[in-house]
Amino acid sequence: MNSWIVTYLWFVPAAPFVASLIILTLSNARRRSAAALAIAGQIAALAMSILAFGQTLQTPGFRVVQNFTWFTFGEQALRLGFVFDPLGAAMLLMVALAGLCIFVFSVGYMAEDKNFTRFFAYLSFFSGAMLGLVIANSLLLLFIFWELVGLASYLLIGFWIERPRAAEAAKKAFITTRIGDMGFFLGILWLYGRSGTLLFYDRGNGCLESAGLAMLGASATFIALLIFCGAVGKSGQFPLHVWLPDAMEGPTPVSALIHAATMVAAGVFLVARVYPLFSLGPINGVTPSLTVVVWIGVTTALMAALIAIAQADIKRVLAYSTVSQLGLMMVSLGVGGVAAGIMHLLAHGFFKALLFLGAGSVIHGCHGEQDIRKMGGLRRLMPVTFFTYAVGMMALSGVPFFFSGGWTKEEILHATASWAPSHAPYYLILAGVVLTALYMTRQVIYVFFGNPRATAEHAHESPRAMTMPLIVLALCAIFFSVVLTPAWPWLHGYLTGEPVHFEIARLIQPMLFVSLVLVGGGVAAGIWIYRKAGAPERDRPAEIDPLEYAQPALFRFLANGMWIDELYDRTVIAFSWASARLSDWMDRYFWDGLVRGFGAIAQLFGIFTTSVGERGINAGVDETTVGTRGLGRLISAAHSGQIQTYLGAVAIGMLALLLLYAWLA
């Protein structure tokens with residue numbers, strides 16, 4: 001009955017891929033055709049995702065798999081496949097829907113760009129790669145799409161290649177994520193060597209099924225950690241998070257696609273997909289690999305939230321908030337709250353796309369300005385952008401009841417509070433909740449409240465092509481909460497296969513009030529600190545941040561990303577440069593000198609052998625030839641043909657013999 005789902009599942013990523021290939025054949029003048037093809041491909045992917053999603057609602061624990069042989073080598077067959085289950089279905093819907101909103105927004109945002117056509121080709125390619133990653137039933141196939149996502153991000157981050165900073169950011173993103181991917185690839189090789197398969201599900205013999213997991217033994221921890229290296233790179237976790245803020249050099253729709261629906265979501269999805277590997281062989285419900293995931297996530301979440309407080313670029317504030325939220329999702333996965341982590345990933349996809357597109361609308365309305373200190377008062381000039389951005393801000397801050405982010409954050413807090421090894425992650429996340437509300441309140445006050453400053457004085461509302469996606473995403477951020485509430489946690493039950501019942505009494509929970517107090521405290525602190533932001537106060541100039549004025553050294557430390565990039569410059573990159581210079585010196589003076597020395601020795605040996613050959617061997621052979629020739633002439637002269645000469649020679653010979661006999665006798 002459900003065979004058609006997996007049979008035609010390849011169509012979901014194929015539609016954007018085909019659209020991308022066709023768009024690449026179009027000239028720059030075919031702008032309308034390029035946009036129409038890209039949007040049509042995304043609509044087709046969304047329609048297929050909705051149809052397939054409908055089938056998963058019929059059976060709890062729904063999963064269909066289709067595997068096929070890619071090629072054979074000897075007696076071995078390398079098999080790939082597709083899988084469709086609640087995890088994949090939910091991700092497909094989020095990626096396709098959020099991606100479609102971003103595509104439509106891009107029509108207005110990139111309208112004046114000279115490479116409009118190429119932009120939509122790359123955008124469709126990006127979407128297709130992520131959709132393919134979601135439905136892969138093989139770790140190798142997932143890795144192929146994983147690398148295609150990395151390629152697409154490189155092309156889009158550096159889309160404005162004429163800008164040196166964009167080119168540098170693209171290279172930084174590509175190289176940094178490759179570092180994590182090297183560990184991921186080694187984990188794939190190790191897993192294949194131990195289990196003999198890279199298929200997730202294969203009639204009980206997949207690497208995530210009991211037979212495959214039983215073959216891993218103690219190596220499961222190391223394999224899981226190597227695979228996690230790839231997730232650390234893609235999802236911007238410490239210490240490989242440094243590429244993500246710099247990725248803001250690309251067009252804003254690219255930032256929205258990377259931070260909401262595609263690239264950074266891939267790392268969290270990967271950990272969730274191979275979670276049976278991470279949770280293999282627990283001791284008191286905890287494994288070493290999951291413990292690493294928890295502490296990496298906690299470090300990332302708190303560090304990025306602190307850095308976000310001191311950012312002045314509207315997109316970099318959101319970039320660090322993405323890093324922080326991804327850390328929160330990793331914590332949830334690490335403590336065993338897989339469903340909570342994925343729910344937050346899905347909700348985050350909608351409200352973070354909303355925030356980035358809202359930031360793009362602000363930048364568009366302020367004629368390219370990105371410094372929040374030069375804005376202000378935009379709520380009156382850009383009302384649609386303001387109201388939709390406010391929805392995204394409250395969802396990200398974790399305001400409960402009406403916003404999806406509030407409920408998913410509650411789920412994560414519940415999961416973290418019950419983690420047996422330590423309560424420290426729970427308290428650190430609570431601090432992160434306060435910081436998130438604080439820096440988002442700061443940003444909203446700077447951008448939308450107060451009096452217009454500098455470039456904001458001539459700001460204007462964005463065109464309908466840009467505001468309509470904002471409205472759709474704002475509605476998603478609100479109404480998505482319906483399936484997330486503790487009273488009716490439908491999405492949680494859908495992901496776990498557990499039955500769900502409606503109980504209004506579940507809304508009254510102590511944790512909910514704790515979270516509400518923390519969020520309220522963060523918002524109140526933000527209002528109190530920044531109520532006069534952008535206006536001079538006593539000895540503080542208008543352009544100086546109140547926190548910067550109060551703690552300049554700490555603020556500078558946070559504004560510069562805790563000097564982590566500078567630390568890498570003076571350690572890892574300095575070591576790499578030193579190694580490169582040493583290699584260059586060795587190549588120029590040691591290895592080149594060594595080769596030249598051996599060449600000189602060979603040349604001298606050649607001269608010697610040439611001299612011996614010409615003056616010794618050749619001369620000796622020539623002289624021998626001359627003697628032989630003379631002897632030949634002498635012998636030839638003796639053969640005259642006269643009989644008397646021969647008889648005389650015989651007589652002389654006989655006489656010689658007689659004399660010898662007489663002498664001997």
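None of these values were measured; they are calculated from a predicted model.
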Less than 3.5 Å apart, which donor and acceptor atoms pair up between the side chains of residues 36-51 and the rest of the protein, not counting sequence neighbours?
| residue | atom | partner | partner atom | Å |
| --- | --- | --- | --- | --- |
| Q42 | OE1 | S127 | OG | 2.8 |
| Q42 | NE2 | A96 | O | 3.3 |
| Q42 | NE2 | S127 | OG | 3.2 |
| S49 | OG | A45 | O | 2.7 |

Say you draw a straight line from [atom1] of [X] to [atom2] of [Y]; how long is it, rounded to the nearest 0.5 Å?
X    : Y    : atom1 : atom2 : answer
F387 : M382 : CZ    : CE    : 13.5 Å
Y122 : L151 : OH    : CG    : 9.0 Å
T262 : K234 : OG1   : NZ    : 10.5 Å
I471 : R464 : CD1   : CZ    : 9.0 Å
L156 : M263 : CG    : CE    : 10.5 Å
H344 : E410 : NE2   : CD    : 11.5 Å

Is a donor on one side and an acceptor on the other found under 3.5 Å between the side chain of [X] and the backbone of [Y]?
X    : Y    : answer
T388 : V384 : yes
T177 : A173 : yes
W488 : T485 : no
T69  : F71  : no
T300 : G327 : no
E411 : W407 : no
R79  : F68  : no
S462 : T467 : no
N137 : Y201 : yes
S235 : V268 : yes

Name all residues meeting the side chain to side chain donor-acceptor pair (under 3.5 Å) criterion together with Y439; count only those two or more places apart in sequence or in a different chain, and write none if there are none.
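Per chain and number, Y439 pairs via side chain to side chain donor-acceptor pair (under 3.5 Å) with no residue.
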Ring center gap for F120 and F116 short of 6.0 angstrom:
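Yes, the ring centres sit under 6.0 Å apart.
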Shortest non-hydrogen contact from [X] toward [Y]:
X    : Y    : value
G236 : L244 : CA-CD2, 4.3 Å
W243 : G233 : NE1-O, 2.8 Å
A231 : G267 : CB-O, 3.5 Å
M110 : W160 : CE-CZ2, 4.2 Å
L199 : S138 : CD2-CB, 4.0 Å

Neighbour count >12 (heavy atoms, 6.0 Å) for atom CZ, F143:
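Yes, the 6.0 Å shell around CZ holds more than 12 heavy atoms from other groups.
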Atom CZ of F479 with >12 non-hydrogen neighbours under 6.0 angstrom
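Counting neighbours around CZ of F479, 12 or fewer heavy atoms of other residues, nucleotides or ligands fall under 6.0 Å, so no.
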Can I get a per-line list of side-chain donor-acceptor pairs under 3.5 Å for residues 347-360, giving both atom names and the distance, sequence neighbours left out?
| residue | atom | partner | partner atom | Å |
| --- | --- | --- | --- | --- |
| H348 | NE2 | K352 | NZ | 3.1 |
| K352 | NZ | S321 | OG | 2.8 |
| K352 | NZ | T322 | OG1 | 2.9 |

Verdict with supporting geometry, E249 and K315, salt bridge (charged side-chain N to carboxylate O under 4.0 Å, His left out)
CA-CA 9 Å; E249 295 299 329; K315 292 194 340 181; over 6 Å; no
Mutual orientation of the aromatic rings belonging to F448 and F386 [parallel < 30°, tilted 30-60°, perpendicular > 60°]:
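The arrangement is tilted - the two ring planes meet at 30° to 60°.
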Here's a test for you: under ring-ring contact (aromatic ring centres under 6.0 Å, His included), which of F174, F159, F125 qualifies with Y154?
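When F174, F159, F125 are each tested with Y154, the ring-ring contact (aromatic ring centres under 6.0 Å, His included) holds only for F174.
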Would R316 pass as a cation-pi partner of Y320, given that its NZ or CZ must be under 6.0 Å from the six-membered ring centre and within 45 degrees of the axis?
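The answer is no, since R316 fails at least one limit relative to Y320.
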Stepwise side-chain hydrogen bond (donor to acceptor under 3.5 Å, both in side chains) test for S404 and S481:
CA-CA 4 Å; S404 56; S481 62; over 6 Å; no
Indicate yes or no: does E168 engage R163 in a salt bridge with an N to O separation below 4.0 Å.
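No, E168 and R163 are not salt-bridged.
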